[in-house]
Amino acid sequence: MKYKIPRGTQDILPATSPLWRIVEEKAHDLCRRYNYKEIRTPMFEQTELFARGVGDTTDIVQKEMYTFEDRGGRSLTLRPEGTASVARSYAENKMHGWADQPVKLYYIGPMFRYERPQSGRMRQFVQFGVEAMGSDDPAIDAEVIALAMNFYQELGLKGLKLVINSLGDKESRNAHRSALVNHFEPRISEFCGDCQQRLETNPLRILDCKKDRDHELMATAPSILDYLSDESSAYFKNVQRYLESMNIPYTVDSGLVRGLDYYNSTAFEIMLEGDGFGAITTLMGGGRYNGLVEDLGGPETPGIGFALSLERLLMALETQGIELPVEEGIDAYLVTMGDNAKQHAPALLHRLRAAGIAAEADYMNKKMKGQFKAADRQKAAFTLVIGDDELENGTVVLKNTETGEQENIPEEKAIEKIKEERGA
RNA sequence: GCGGCCGUGGCGAAGCUGGUUAACGCACCGGAUUGUGGCUCCGGCACGCAUGGGUUCGAAUCCCAUCGGUCGCCCCA
């Protein structure tokens, strides 16, 4: 084989593309009910947007971006996530001036990260994301979380676990960071190499290290929640109160950290209980990003959103054996016998299709037996048979593929009958 | 960037302590059955075992390299 698909990408073939449509339609429908409007931003942006927005020190920016130079010498990057683009668009299109606030947007589209692929992690993957911008009402936090939970629940997923935390404002975060360093530094040599690294880069990450989970310093480590300002603390309490009022169960985990620089205040994740699938348990991540729009040159704007991967969703559905209602099978397969009938086929097919009937015929010069097999394989509800006799009479043999009953009737009658049966 | 496992027909999969013709199953095509499928029977379907070197009288089977897949680490959706 000369050409191969690029690493970390996939062809979504007809066997699975219907699942994607179902899931995407669910997202569209849910957003309609929650009154979020679709936004479509470019799949690439100025590299600087992500460096600024996502954060220079993040793994995404440091080693995962698909960056290239265009013919004009501009540095562009395939988007690794959606929030930076939406924030850019918010500022650029002066959405702060729109009559209806907050501006509630959603998107579905491919994202790109240069990583070693593994189960649930691709170089091109599809995210469904939601952003609510312009409001710092804790009720909108709860709404965004509720939307995500409903999305999974309405698709039938079980064992969902919502985890929330508050990262506080910048001051709270810095104070907490110092406290963590002070806590671990004296005995950091007792920790794994990764953790020793984390002490420098992101001390918060030490808290969810799998290797050092049982170290005694873990239990006594300072919690971000103890460093929240009164305001941040009250805000977080309100988010929780709203979740409770909607009967959405959650767990507060002070170790929940989000990886991107723009997050602050409310942070949340939806995970799969137990082992999940492969090494992946996180289905969705999100949080508040007050200040992002401002960082990108717009007005001071609070914002909150989430992003989830449709690949991971489909994997989760599959591991739980959840079957989505895929419509399959065509309405009619036209079997022809002899040259005259074959020549008449296109015209009859044309008429069937114009009448709203999903119809197919043979283009491989198959014998009758082969045509019937094809009709079975394609799950045709009806088989139409025409030969010299039928052509002469302007009739067609209409056969119900399942029951095997058949009758010789005029073409128009057959079309009517199929329409009636199939609701076309 | 690092590590484990793997790479044989459209798919699944034997063969892998080296030795004429590369099992078998599924799918597909044809015939038995020249106007009717799903069952049965018969037949067909890999100038070739990821690619390139090497060892050998001889390699799908051993060695090396490269590429690819997969799973995991890091991190994340």
Side-chain angles (χ1 to χ4, degrees), chain A residues 1-10 13 15 54 57-64 79-83 108-129 148 192-195 197-198 201-202 205 208-211 257-260 263 269-272 276-287 305-316 333 335-338 341 362 364-380 382-391 397-406 408:
Chain A
M1 212 68 66
K2 195 166 182 185
Y3 295 108
K4 285 189 154 167
I5 194 168
R7 166 172 280 178
T9 65
Q10 63 177 335
L13 303 177
V54 177
T57 63
T58 59
D59 273 17
I60 288 183
V61 171
Q62 285 197 331
K63 51 182 203 187
E64 294 173 1
R79 61 181 185 196
E81 58 103 50
T83 302
I108 300 174
M111 304 295 162
F112 307 84
R113 293 183 198 174
Y114 190 88
E115 299 182 276
R116 280 296 289 276
Q118 72 185 63
S119 180
R121 203 179 63 190
M122 303 285 282
R123 288 185 173 180
Q124 175 176 330
F125 58 102
V126 177
Q127 281 191 338
F128 160 41
C192 71
D194 286 336
C195 282
Q197 204 67 58
R198 290 180 182 117
T201 57
N202 193 347
R205 278 269 166 222
D208 43 45
C209 177
K210 286 155 194 140
K211 291 178 201 148
V257 199
R258 307 255 61 243
L260 315 186
Y263 284 118
E269 259 179 35
I270 294 177
M271 322 211 285
L272 226 40
F277 44 94
I280 306 291
T281 53
T282 301
L283 290 175
M284 176 232 66
F306 70 73
L308 61 86
S309 141
L310 296 189
E311 283 82 358
R312 288 188 183 177
L313 165 63
L314 290 172
M315 287 179 87
Y333 191 98
V335 172
T336 62
M337 280 172 307
D362 169 60
M364 298 301 288
N365 259 314
K366 284 196 168 95
K367 304 262 168 63
M368 194 177 28
K369 176 176 175 172
Q371 295 183 47
F372 271 101
K373 282 187 125 175
D376 279 336
R377 207 161 41 229
Q378 298 189 37
K379 297 187 169 63
F382 289 94
T383 308
L384 295 170
V385 187
I386 53 173
D388 288 336
D389 297 346
E390 287 74 20
L391 283 184
V397 174
L398 178 66
K399 178 171 183 172
N400 181 314
T401 309
E402 202 176 338
T403 65
E405 290 167 25
Q406 65 178 52
N408 195 326

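So that the names make sense, note that chain A is the first sequence line, chain B the second, and so on, each numbered from 1.
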Chemist: Tell me what Ala375(A) touches on the nucleic acid: a base, only sugar-phosphate, or nothing, going by heavy atoms under 4.0 Å.
Modeler: nothing
Chemist: Considering Watson-Crick and G-U wobble pairs with both distances under 3.5 Å, what does G18(B) pair with?
Modeler: none
Chemist: If you define the side chain from C-beta out and look only at heavy atoms, does anything of Val397(A) sit under 4.5 Å from Ile386(A)?
Modeler: no
Chemist: Check for me whether Arg123(A) meets the cation-pi criterion with Phe112(A), that is, NZ or CZ under 6.0 Å from the six-membered ring centre and within 45 degrees of the ring axis.
Modeler: no
Chemist: With both distances under 3.5 Å as the test, what is the Watson-Crick or G-U wobble partner of G44(B)?
Modeler: C28(B)
Chemist: Measure across Val385(A) and Glu390(A) and return the closest heavy-atom pair with its distance rounded to 0.1 Å.
Modeler: O-CG, 4.0 Å
Chemist: Could you check whether Gln371(A) gets within reach of a base, just the sugar-phosphate, or nothing at all, counting any heavy atom under 4.0 Å?
Modeler: nothing
Chemist: Taking A60(B) as the reference, what is the distance to A14(B) when you measure between their C1' atoms (whole Å, please)?
Modeler: 12 Å
Chemist: What's the closest nucleotide to the Lys4(A) side chain, out of G37(B), A77(B), G68(B)?
Modeler: G68(B)
Chemist: Closer to the 5' end of RNA chain B via nearest nucleotide, is it Pro6(A) or Gly387(A)?
Modeler: Gly387(A)
Chemist: Go through the N and O atoms of the side chain of Lys399(A) and the base of U36(B), and report whether any donor-acceptor pair is under 3.5 Å.
Modeler: yes
Chemist: Could you please name the partner base of U33(B), counting Watson-Crick and G-U wobble pairs only when both distances are under 3.5 Å?
Modeler: none
Chemist: Nearest to the Glu64(A) side chain among A77(B), C75(B), G35(B), which nucleotide is it?
Modeler: C75(B)
Chemist: For the side chain of Leu260(A), counting heavy atoms from C-beta on, which of G72(B), A77(B), C75(B) is nearest?
Modeler: A77(B)
Chemist: Give the nucleotide from the list U36(B), G31(B), C71(B) with an atom nearest to the side chain of Lys367(A).
Modeler: G31(B)
Chemist: Under a 3.5 Å cut-off for both distances, is U70(B) Watson-Crick or wobble paired, and to whom?
Modeler: G4(B)
Chemist: Looking at every heavy atom in both Met111(A) and Pro80(A), which two are closest together, and how far apart are they?
Modeler: CB-O, 3.9 Å
Chemist: So do the side chains of Arg79(A) and Pro110(A) get within less than 4.5 Å of each other, counting heavy atoms only?
Modeler: yes
Chemist: Could you work out the separation of A46(B) and A23(B) based on their P atoms and round it to a whole Å?
Modeler: 10 Å
Chemist: Taking the P atom of each, how far is G4(B) from C64(B), in whole Å?
Modeler: 13 Å
Chemist: Pick the P atom in C49(B) and in G10(B), then give their distance to the nearest Å.
Modeler: 13 Å
Chemist: For the base of G38(B), is there a side-chain donor-acceptor partner from Arg377(A) under 3.5 Å away?
Modeler: no
Chemist: Going by centres under 5.5 angstrom and planes under 30 degrees, do the aromatic ring of Phe372(A) and the base ring of G38(B) stack?
Modeler: no
Chemist: Using the P atom as the point on both nucleotides, what is the distance between G1(B) and G12(B), in whole Å?
Modeler: 29 Å
Chemist: Considering just the side-chain nitrogens and oxygens of Arg7(A), establish if one lies under 4.0 Å of OP1 or OP2 belonging to G69(B).
Modeler: yes
Chemist: Which one, U36(B), G37(B), C73(B), comes nearest to the side chain of Arg116(A)?
Modeler: C73(B)
Chemist: Are the side chains of Tyr333(A) and Leu384(A) in touch, meaning some heavy atoms are under 4.5 Å apart?
Modeler: no
Chemist: Quantified in whole Å, what is the C1' atom distance between nucleotide C63(B) and nucleotide U20(B)?
Modeler: 26 Å
Chemist: Quote, to the nearest angstrom, the P distance that separates G30(B) from G37(B).
Modeler: 14 Å
Chemist: Side chain of Gln406(A): nearest nucleotide among C75(B), U36(B), G35(B)?
Modeler: U36(B)
Chemist: Would you say Gln118(A) reaches G72(B)'s phosphate, i.e. side-chain N/O to OP1/OP2 under 4.0 Å?
Modeler: yes
Chemist: Compare the minimum distances between each of G1(B), C29(B), U36(B) and the side chain of Lys373(A), then state the nucleotide with the smallest one.
Modeler: C29(B)
Chemist: Report the nucleotide, chosen from C73(B), G31(B), A77(B), that has the shortest atom-to-atom distance to any side-chain atom of Lys369(A).
Modeler: G31(B)
Chemist: Ignoring backbone atoms, test whether Lys366(A) places a side-chain nitrogen or oxygen under 4.0 Å from the OP1 or OP2 oxygen of G30(B).
Modeler: no
Chemist: Considering heavy-atom distances to RNA chain B, does Asp389(A) or Met284(A) have its closest nucleotide positioned more toward the 5' end?
Modeler: Asp389(A)
Chemist: At under 4.0 Å between heavy atoms, what does Val397(A) touch on the DNA or RNA strands: base, sugar-phosphate, or nothing?
Modeler: base
Chemist: In whole angstrom, give me the gap between the C1' atoms of C73(B) and U51(B).
Modeler: 29 Å
Chemist: For the residue pair Val61(A) and Val54(A), establish whether any side-chain heavy-atom pair is separated by less than 4.5 Å.
Modeler: yes
Chemist: In the strands shown, is A65(B) matched to any nucleotide by a Watson-Crick or G-U wobble pair with both distances under 3.5 Å, and which?
Modeler: U51(B)
